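Computation of the quantities below employed the complete heavy-atom set of this structure, encompassing side-chain atoms and omitting hydrogens, waters and symmetry-equivalent molecules. Only a predicted model underlies this, so the values are computations on that prediction, with no experimental measurement involved.
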Number of protein chains: 2
Amino acid sequence: MAIKLSLDALDIKILKILQNNSQHTIKDIAEQVNLSLSPTHDRIKRLEMDGFIKEYVGILNRKKLNLGLMVHCQVTLEKQNRSNFSEFEQSIKEFPEVISCHLVSGNFDYYLNVISEDVESYNRFYQEKLAVLPSVAHISSLFVMDEIKTTTSLPL
Amino acid sequence: MAIKLSLDALDIKILKILQNNSQHTIKDIAEQVNLSLSPTHDRIKRLEMDGFIKEYVGILNRKKLNLGLMVHCQVTLEKQNRSNFSEFEQSIKEFPEVISCHLVSGNFDYYLNVISEDVESYNRFYQEKLAVLPSVAHISSLFVMDEIKTTTSLPL
DNA sequence: AAAAGCCAACGAATTAAATTCGCTGGCCAT
DNA sequence: ATGGCCAGCGAATTTAATTCGTTGGCTTTT
């Protein structure tokens with residue numbers, strides 16, 4: 001199965017379907033894209049193999065799971081040397097509380113999204129795990145008061 | 001099937017598995033939690049019905065799909081009245097480019113995550129869709145230079 | 001322009017997984 | 001102690017995924 005360089009309209013349609021609900025049967029999808037089962041199946045497998053689809057996951061309801069607090073952290077590192085950065089990034093990757101971390105342009109270095117049960121639990125994470133990282137110079141925490149929109153669907 | 005109020009250790013184990021990879025077969029999961037097929041199946045269905053699992057989705061590779069740019073937007077609204085807020089939120093929900101939007105504490109009101117092909121495409125979104133919303137007073141854009149970590153898995 | 005080769009789609013057959021259902025044993029409450 | 005309830009179980013059934021050999025159209029080559 002060779003890597004296909006460009007996706008056609010049907011591939012995009014399939015990706016749109018799967019990124020919104022990966023539980024559709026191939027039969028369902030086949031009907032929606034007007035193909036029969038086997039080419040639809042082949043296309044999906046190819047999209048997976050070629051890495052257009054990274055993974056399939058279940059999205060959990062954090063509020064029902066007692067994870068009611070989301071905090072944004074703006075982190076500034078000591079600027080002296082670059083090795084600080086990879087050391088920091090390595091630690092972040094290992095913290096399950098951090099669900100996203102981006103290196104950004106602007107007045108600070110990293111933007112994190114942190115999930116916690118409540119303020120105390122967040123404070124524990126902050127004091128014991130984040131603030132103690134050797135390269136961290138400054139952290140601002142912004143508390144999420146309302147989650148207006150959250151999606152994993154890309155604009156295709 | 002009645003709603004179960006508290007989850008036991010096996011339920012949590014199942015959720016952990018499914019939030020990382022929803023393509024495991026029930027047989028797989030049953031083995032990992034040391035149950036047979038049917039109670040495992042029942043538990044999964046119950047977790048879905050009770051809303052602990054919100055949905056199953058495919059996660060796409062945005063870079064391979066020519067969506068190489070992510071931007072964080074800090075948005076401040078005119079503070080005069082509250083109706084601005086729901087008007088703004090309604091518009092945001094309809095923009096596919098915005099993959100997340102949070103009302104936050106701090107110096108501004110909303111924090112957005114926006115996905116675009118490139119800087120020009122982002123600028124078009126900014127000029128034509130975001131900046132023109134009537135209630136918007138100020139927007140700062142921070143460009144994501146590196147995506148260190150992105151996960152949909154909650155810390156269970 | 002004709003022939004050859006290639007690719008995507010197809011349908012039927014097979015394999016694998018999900019789902020259903022009636023049964024059993026342990027536990028809690030009366 | 002006993003009755004009822006709940007969770008787990010295994011077998012049977014249904015549904016879906018996967019495989020594979022075939023076909024037809026398109027492009028490339030001579």
Side-chain angles (χ1 to χ4, degrees), chain A residues 1-61 63-67 152-154 156, chain B residues 1-61 63-67 152-154 156:
Chain A
M1 183 143 42
I3 294 207
K4 206 183 177 183
L5 299 117
S6 69
L7 303 178
D8 66 14
L10 293 185
D11 291 325
I12 299 293
K13 216 165 173 180
I14 291 171
L15 289 175
K16 279 186 185 176
I17 295 168
L18 287 175
Q19 77 169 342
N20 280 304
N21 179 357
S22 61
Q23 299 288 87
H24 278 114
T25 63
I26 293 179
K27 198 173 144 218
D28 264 4
I29 298 169
E31 278 167 18
Q32 292 187 57
V33 300
N34 287 312
L35 280 178
S36 67
L37 249 68
S38 21
T40 307
H41 176 263
D42 290 350
R43 278 168 181 265
I44 293 172
K45 289 300 141 192
R46 206 190 52 236
L47 292 166
E48 293 169 359
M49 287 304 106
D50 294 354
F52 292 101
I53 302 170
K54 285 199 285 192
E55 54 183 349
Y56 295 99
V57 301
I59 303 294
L60 306 187
N61 186 329
K63 301 222 170 126
K64 293 200 77 160
L65 289 161
N66 195 30
L67 294 167
T152 51
S153 285
L154 301 178
L156 296 182
Chain B
M1 183 141 45
I3 293 203
K4 205 182 178 185
L5 299 117
S6 68
L7 302 178
D8 65 15
L10 293 184
D11 291 324
I12 298 294
K13 215 163 172 181
I14 291 172
L15 290 175
K16 279 187 187 177
I17 294 168
L18 287 174
Q19 77 169 342
N20 279 304
N21 179 358
S22 62
Q23 300 288 85
H24 278 114
T25 64
I26 293 180
K27 198 173 144 218
D28 264 6
I29 298 170
E31 279 167 17
Q32 292 187 57
V33 301
N34 286 312
L35 279 179
S36 67
L37 248 69
S38 22
T40 306
H41 177 263
D42 290 351
R43 278 168 181 265
I44 293 171
K45 289 301 140 191
R46 205 190 53 236
L47 292 167
E48 293 170 359
M49 287 302 108
D50 294 354
F52 292 101
I53 301 171
K54 285 201 286 195
E55 55 183 349
Y56 295 99
V57 301
I59 303 295
L60 307 187
N61 185 330
K63 300 221 171 129
K64 292 201 77 158
L65 289 161
N66 195 30
L67 294 167
T152 52
S153 285
L154 301 178
L156 296 182

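- One axis for each end of the helix from dA1(C)-dT30(D) to dT30(C)-dA1(D), each built from five base pairs, and the angle between them comes to 30° at 10° resolution.
- Remark: K64(B) does not engage D50(A) in a salt bridge, criterion side-chain N to carboxylate O under 4.0 Å.
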Query raised in the report: Is there a side chain to side chain contact (heavy atoms under 4.5 Å, CB included) between L65(A) and L15(B) once you walk through the steps?
Result: CA-CA 10 Å; L65(A) 289 161; L15(B) 290 175; 3.7 Å; yes
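- One interatomic measurement links the two molecules: NZ of K45(B) to C1' of dC21(C), which rounds to 17 Å at whole-angstrom precision.
- In plain terms, the two heavy atoms of N61(A) and L154(B) that are nearest each other are C-CD1, 4.5 Å.
- Heavy atoms only, all atoms of each residue included: L156(A) and K16(A) are closest at O-CE, 3.5 Å.
- Taking every heavy atom of both residues into account, Q19(B) and T152(B) meet most closely at OE1-O, 4.0 Å.
- Residues of residues 14-32 of chain B having a heavy atom closer than 4.0 Å to DNA chain D: none are found.
- When every heavy atom of L10(A) is checked against every heavy atom of R43(A), the shortest pair comes out as CB-NH1, 3.4 Å.
- One atom, NE2 of H41(B), and another, P of dA7(D), lie 16 Å apart when rounded to the nearest Å.
- The CZ atom of F52(A) lies 4.0 Å from the CG atom of L7(A); values are rounded to the nearest 0.5 Å.
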Contacts under 3.5 Å, N or O only, protein and nucleotides 9-11 of chain C:
| residue | atom | partner | partner atom | Å |
| --- | --- | --- | --- | --- |
| dA9(C) | OP1 | R43(A) | NE | 3.4 |
| dA9(C) | OP1 | R43(A) | NH2 | 2.5 |
| dA9(C) | OP2 | R43(A) | NE | 3.2 |
| dC10(C) | OP2 | S36(A) | N | 2.5 |
| dC10(C) | OP2 | S36(A) | OG | 2.9 |
| dC10(C) | O5' | S36(A) | OG | 3.1 |
| dG11(C) | N7 | S38(A) | OG | 3.1 |
| dG11(C) | O6 | S38(A) | OG | 2.6 |

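- Closest heavy-atom contact between Y56(B) and G58(A): CD2-CA, 3.7 Å.
- Paired with V33(A) under the rule side chain to side chain contact (heavy atoms under 4.5 Å, CB included), one option of I12(A), D11(A), I14(A), D28(A) passes, and it is I14(A).
- Between N20(A) and V57(B), the shortest heavy-atom contact is O-CG1, 3.8 Å.
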